[in-house]
Amino acid sequence: MSPMDKMWASFIAIGLMVLASLLISFARTKTKGAVRAILSFVAFLLFIPILLYMVVSLL
């Protein structure tokens, strides 16, 4: 994998991390009940591709 591809993989991981962080912040401050649980679960699911992109960017 070229260094440029590693850079893009790390940028994607950073962007997904920001998205997950904003989603969790929104879920905790503006929502209640099932919507909060669903948004938190979606943010948690975002950590799977984040982890994969981070590992790819380190190889």
Side-chain angles (χ1 to χ4, degrees):
M1 190 171 203
S2 72
M4 199 65 147
D5 291 336
K6 291 180 181 184
M7 180 196 72
W8 284 112
S10 67
F11 282 163
I12 291 170
I14 291 168
L16 288 174
M17 184 69 77
V18 168
L19 180 64
S21 173
L22 292 173
L23 197 58
I24 282 289
S25 296
F26 177 75
R28 290 186 179 180
T29 58
K30 303 286 184 187
T31 62
K32 293 182 182 178
V35 174
R36 182 178 186 175
I38 291 169
L39 289 177
S40 297
F41 185 69
V42 168
F44 176 74
L45 287 179
L46 279 175
F47 281 100
I48 295 168
I50 290 169
L51 179 67
L52 292 174
Y53 276 115
M54 284 186 345
V55 168
V56 165
S57 70
L58 291 175
L59 295 178

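To the nearest 0.5 Å, the span separating CZ on Arg36 from NZ on Lys30 amounts to 13.0 Å. Of the inter-residue distances, the one linking Ile12 atom CD1 with Leu52 atom CG reads 12.0 Å to the nearest 0.5 angstrom. In this structure, CG in Leu22 is found 12.0 Å from CE in Met17, a value given to the nearest 0.5 Å. Atoms CG and CD1, from Leu46 and Ile24 in turn, are 9.5 Å apart once rounded to the nearest 0.5 Å. Note: Leu23 CG to Thr31 OG1 = 9.0 Å, rounded to the nearest 0.5 Å. For the atom pair OG (Ser57) and CZ (Phe11), the distance works out to 11.0 Å, reported to the nearest 0.5 Å.
Put simply, the side chain of Ser25 gets close to the backbone of Ser21: a donor and an acceptor are under 3.5 Å apart.
When hydrophobic clusters are built by joining Ile, Leu, Val, Met, Phe, Trp and Tyr residues whose side-chain heavy atoms come closer than 4.5 Å, directly or via intermediates, Met54 is not grouped with Trp8.
In this structure Thr29 satisfies the side chain to side chain donor-acceptor pair (under 3.5 Å) test with no other residue, sequence neighbours excluded.
For residues 18-59, there are no ring pair (Phe, Tyr, Trp, His ring centres under 6.0 Å) pairs, not counting sequence neighbours.
Residue-environment remark: CE (Met1) exceeds the threshold of 12 foreign heavy atoms within 6.0 Å.
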